[in-house]
Amino acid sequence: MDHQGFDSSSTVSVGEWMLTLLLTFIPIVNLIALIIWAFSSGTKPSKSNWAKATLLWMLIAIVLAFIFAMLGFGVGMMGMNSYS
């Protein structure tokens, strides 16, 4: 650690972030990689926190998509009933 209390060995390099972002662009691989990075003890803390936050945003997006899909389905069913 340096005099500021900052451990530079826990810093994620630009190259690591480039690879990280590349892997998150690939469907299914991104989910597996995020779970590993979020819960692995060998992952740097900043990357682990980022992975956890990304997983939470993915979960929120899935829940919202499900809610909107159900609302759309309900509105569509109501529309079909009005033509009967």
Side-chain angles (χ1 to χ4, degrees):
M1 281 200 210
D2 62 9
H3 67 285
Q4 298 290 331
F6 179 73
D7 184 8
S8 63
S9 66
S10 67
T11 303
V12 182
S13 70
V14 173
E16 287 178 87
W17 278 122
M18 294 291 289
L19 180 60
T20 298
L21 292 174
L22 176 66
L23 289 175
T24 59
F25 294 150
I26 305 169
I28 308 300
V29 172
N30 62 357
L31 185 59
I32 295 167
L34 285 169
I35 291 170
I36 291 170
W37 293 327
F39 302 109
S40 173
S41 61
T43 305
K44 295 178 182 178
S46 61
K47 190 173 186 178
S48 177
N49 288 336
W50 172 80
K52 289 172 187 172
T54 302
L55 285 169
L56 282 172
W57 276 118
M58 289 173 85
L59 180 63
I60 290 167
I62 289 168
V63 168
L64 287 175
F66 179 77
I67 289 169
F68 286 125
M70 290 298 107
L71 287 173
F73 179 74
V75 169
M77 291 304 286
M78 285 174 41
M80 288 178 62
N81 287 336
S82 66
Y83 291 114
S84 297

_Spacing of OG1 belonging to Thr43 relative to CG belonging to Asn49, to within rounding of 0.5 Å_ = 10.5 Å
_With clusters defined by side-chain heavy atoms of hydrophobic residues (ILVMFWY) lying less than 4.5 Å apart, directly or transitively, does Phe68 cluster with Ile62?_
no
_Inter-residue atom distance Leu34.CG - Lys47.NZ, 0.5 Å rounding_ = 10.0 Å
*Is a side-chain N or O of Lys44 found less than 3.5 angstrom from the main chain of Ser10, in a donor-acceptor match?*
no
*Out of curiosity, Thr24 OG1 to Leu19 CG, how far, rounded to the nearest 0.5 Å?*
9.5 Å
*Please round to the nearest 0.5 Å and tell me the distance separating atom CG of Leu23 and atom CG of Leu31.*
13.0 Å
*So, for Asn30 and Met58, which heavy atoms are closest and what is the spacing to 0.1 Å?*
ND2-CE, 4.4 Å
*Using modelled atom types only, decide if a donor and an acceptor are shared between the side chain of Ser48 and the backbone of Pro45 within a distance under 3.5 Å.*
no
*Side-chain heavy atoms under 4.5 angstrom apart, residues restricted to Ile, Leu, Val, Met, Phe, Trp, Tyr: same cluster for Phe25 and Ile35?*
yes
*Among the clusters formed by ILVMFWY side chains lying less than 4.5 Å apart, do Leu71 and Val63 turn up in the same one?*
yes
*Kindly check if the number of other-residue, nucleotide or ligand heavy atoms within 6.0 Å of CD1 (Ile60) is above 12?*
yes
*How are the rings of Trp17 and Trp50 set to each other: parallel, tilted or perpendicular (split at 30° and 60°)?*
perpendicular
